[in-house]
**Student:** 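Provided herewith is a single structure, encoded as structure tokens, for subsequent inquiry.
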Number of protein chains: 2
Amino acid sequence: MRSIVYSIKQVVEMLDIPSVTLRAWENRYQAVVPERTESGYRLYNQENIEDLRWLKEQTDKQGISISHAVRMLKQHKQKDLDERLSVAGGDPKDALDKMRQQIYAALLDIQGERADALIDFGFSLYGYEAMVHQVLVPVLVKVGDAWEQGTATVAQEHYMTHMISNRLSQFFHVFPVYAHLHKVLAFCPAGEHHQVGLLLFSLFLRRNGVEVIYLGANTPEDGVMELLEKQERIGAVCLSVTNGTLVPYTEELLERLGSLYPEMQLIVGGRAYEAISLQDTNATYVMAEPPEKWQAWFDQEYATIRHRA
Amino acid sequence: MRSIVYSIKQVVEMLDIPSVTLRAWENRYQAVVPERTESGYRLYNQENIEDLRWLKEQTDKQGISISHAVRMLKQHKQKDLDERLSVAGGDPKDALDKMRQQIYAALLDIQGERADALIDFGFSLYGYEAMVHQVLVPVLVKVGDAWEQGTATVAQEHYMTHMISNRLSQFFHVFPVYAHLHKVLAFCPAGEHHQVGLLLFSLFLRRNGVEVIYLGANTPEDGVMELLEKQERIGAVCLSVTNGTLVPYTEELLERLGSLYPEMQLIVGGRAYEAISLQDTNATYVMAEPPEKWQAWFDQEYATIRHRA
DNA sequence: CAAATTATTTACACTCATTATACAATTGCA
DNA sequence: TGCAATTGTATAATGAGTGTAAATAATTTG
């Protein structure tokens with residue numbers, strides 16, 4: 001690869017553009033951003049020259065304004081895509097890490113457009129599994145941590161959580177349902193408004209072919225009961241609780257459910273159940289971290305349930 | 001991939017239509033509505049050019065008046081949609097009505113698979129506008145009504161609301177953002193957990209090219225304030241309140257916002273504000289039914305806001 | 001070291017685009 | 001015909017885009 005570089009004076013002579021103008025174009029529009037020497041002198045490479053020549057052509061002969069010419073140039077070169085593609089180069093591990101960081105940074109900065117573009121790009125590049133489990137979920141966890149540690153404001157947490165869970169829940173309806181599996185009823189009990197954990201676990205089940213009836217946050221008990229009576233083939237109820245004070249009520253609820261439907265799997269999770277083991281609850285499975293263990297549970301405990309008559 | 005865009009000067013030269021006329025056509029008939037740069041300069045894309053060329057052809061050579069030509073153009077474009085509609089056979093009105101009923105029935109019956117399939121099918125057949133405004137939103141309204149009247153259980157309401165608002169929020173990131181418009185901050189105040197109205201209005205704004213920072217339900221005040229300080233170019237705050245007891249607090253919040261940011265548009269909506277008129281609130285716009293009126297408000301009150309220094 | 005080159009910052013005309021309003025000329029229609 | 005709506009254009013005020021210049025400081029070169 002050729003690496004001839006030119007000083008600004010050489011460029012001025014080659015292209016007949018005053019140095020003042022070159023600098024103005026760079027500062028104002030990032031039209032052409034040359035490398036610099038250690039002391040800050042500009043070093044234009046061949047590509048820079050070509051770009052500048054093209055820009056001059058547009059402005060001089062076509063009468064196009066410089067700002068517009070730069071817009072066209074950038075579009076033409078698909079600069080944006082190139083930047084994002086550079087994420088893909090190198091080690092895939094680094095790439096995913098970089099993607100995590102960039103998405104997190106974009107969200108922290110409330111740059112929805114950019115975050116969406118990054119996520120779209122990530123899906124096209126890495127597919128569902130890698131993107132969800134190695135990028136979006138970690139970002140979501142990081143958001144929660146940042147909030148707890150005060151690194152992010154409440155509004156930032158809300159925004160980031162919404163953006164990501166929105167993207168995640170898109171996948172709810174794209175996976176096939178395996179009809180031989182029992183359905184799962186997922187909800188947070190009345191008073192509980194935090195549904196991220198529930199969403200993640202529901203998505204995990206959905207990915208495994210389970211039809212999930214997702215009721216979301218703050219669902220009163222009577223509604224659930226009616227639904228269980230009407231619907232057949234519900235094999236599990238999945239609850240997520242963050243608010244610790246709701247645990248006693250949740251346990252009562254679990255007990256009622258267990259006595260009404262003895263064959264039903266009762267799954268609990270969420271912050272409030274993080275430190276609670278199976279012995280201390282009426283549930284039949286506690287979905288704690290890490291999500292990798294979920295698969296083992298699913299394969300052994302859920303996928304094997306046969307139909308009831 | 002984005003298409004090439006042209007400045008107004010280029011369009012003038014290409015089509016030989018004075019810029020003054022181009023602007024008049026846009027203002028008077030919305031003949032061709034180009035995107036804008038961040039500073040509000042018009043950016044015409046290829047489709048805009050084609051439309052303008054066609055309009056000029058009609059007016060110059062065919063002697064047709066511009067208003068009539070625009071009507072024809074819009075009719076012409078509508079025809080594409082109609083053709084897609086008629087693919088389904090029969091009267092499109094009946095078809096949409098049938099789709100509403102089927103989707104509602106599927107949701108009421110907790111048949112997520114079927115509802116999703118119907119919705120997918122509907123989008124592919126009728127496109128975004130028809131599907132959202134004539135099917136999903138009406139279904140959502142019907143769900144709310146059914147819940148109030150006791151025709152649906154709480155669980156059914158939760159489920160249906162979740163399914164539909166999930167599908168709706170997918171569109172959040174597919175529409176282009178017009179950078180010259182101010183952003184909108186959308187949230188429900190602390191204590192308010194019902195965000196359907198907020199979602200619909202946010203989606204409406206998003207559809208009109210506004211970047212919406214969506215914080216969702218139950219957002220505490222301090223987070224919002226921090227965000228407003230940090231973010232620039234937020235032109236409006238949008239609040240939705242269902243719980244009537246929160247109105248006094250909301251009004252206080254609005255007053256604080258109004259005194260801190262006198263230029264900010266303050267939009268309120270939701271059940272709690274249904275019967276409240278502009279005189280009785282500190283807000284600058286009440287987003288009440290019907291959504292058709294939103295467009296008039298937007299065109300007059302929001303799309304025309306200029307930049308602050 | 002002195003001269004030449006380059007960099008940053010600030011400023012200033014000058015052009016161009018924006019909105020809003022106004023105003024004839026034309027058109028449509030009762 | 002007469003009158004109001006339509007329509008292309010003109011103008012004014014404001015702000016953004018753009019080339020260039022000056023002041024000042026740092027670096028390179030002979």
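Each chain gets a letter, A, B and so on, in the order the sequences are listed, and its residues count up from 1.
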**Student:** Of all the nucleotides listed (C/dT5, C/dA17, D/dA21), which has the minimum atom distance to the side chain of A/K9?
**Tutor:** C/dT5

**Student:** Rounded off to whole Å, could you give me the CH2-to-P distance for the B/W25 and D/dG8 pair?
**Tutor:** 6 Å

**Student:** Of the nucleotides D/dG8, C/dC16, C/dT8, which one has an atom closest to the side chain of A/R23?
**Tutor:** C/dT8

**Student:** Need one value for A/S7: base, sugar-phosphate or nothing, where a base atom within 4.0 Å counts as base even if backbone is also close, heavy atoms only.
**Tutor:** sugar-phosphate

**Student:** Among the candidates C/dA7, C/dT19, D/dT7, find the nucleotide nearest to the side-chain atoms of B/R36.
**Tutor:** C/dT19

**Student:** Hey, does the side chain of A/Y29 come within less than 4.0 Å of D/dG17's phosphate (OP1/OP2), counting only N and O?
**Tutor:** no

**Student:** Quick check for you: among C/dA7, D/dG8, D/dT27, whose closest atom lies nearest to any side-chain atom of B/R28?
**Tutor:** D/dG8

**Student:** Think B/S65 has a side-chain N or O under 4.0 angstrom from the OP1 or OP2 of D/dT7?
**Tutor:** yes

**Student:** Ignoring hydrogens and geometry beyond distance, is the side chain of B/Y41 in donor-acceptor contact with the base of C/dT18 at under 3.5 Å?
**Tutor:** no

**Student:** Are side-chain N/O atoms of B/R271 and B/H194 paired as donor and acceptor at under 3.5 Å?
**Tutor:** no

**Student:** What is the distance, to the nearest angstrom, from the CD1 atom on B/I8 to the C1' atom on D/dG17?
**Tutor:** 15 Å

**Student:** Can you figure out which of C/dT8, D/dG19, D/dT20 approaches the side chain of A/P18 most closely?
**Tutor:** D/dT20

**Student:** Does B/S39 place a side-chain N or O at less than 4.0 Å from the phosphate oxygens OP1/OP2 of D/dG17?
**Tutor:** yes

**Student:** Quick one about B/Q265 and B/H182 (side-chain donor to acceptor, distance below 3.5 Å, no hydrogens or angles considered), yes or no?
**Tutor:** no

**Student:** Ignoring backbone atoms, establish whether B/S67 has a side-chain N or O less than 4.0 Å from OP1 or OP2 of D/dT7.
**Tutor:** yes

**Student:** What is the distance, to the nearest angstrom, from the CG atom on A/N27 to the C1' atom on C/dA7?
**Tutor:** 10 Å

**Student:** Which nucleotide in the set D/dT7, D/dT9, D/dT20 lies at the smallest distance from any side-chain heavy atom of B/A24?
**Tutor:** D/dT9

**Student:** Taking CG from B/L22 and P from D/dT9, how many angstroms apart are they, rounded to a whole number?
**Tutor:** 11 Å

**Student:** Taking the minimum atom-to-atom distance to the side chain of B/T21, which one of D/dG8, D/dG17, D/dA10 wins?
**Tutor:** D/dG8

**Student:** Relative to the ring of B/W297, is the ring of B/Y285 parallel (under 30°), tilted (30 to 60°) or perpendicular (over 60°)?
**Tutor:** parallel

**Student:** Within 45° of the ring axis of B/Y178 and under 6.0 Å from its six-membered ring centre, is that where the NZ or CZ of B/R36 lies?
**Tutor:** no

**Student:** May I ask you to decide whether B/R53 forms a salt bridge with B/E50, counting only side-chain N to carboxylate O separations under 4.0 Å?
**Tutor:** yes

**Student:** What is the separation between atom CZ on B/R71 and atom C1' on D/dT6, rounded to the nearest whole Å?
**Tutor:** 11 Å

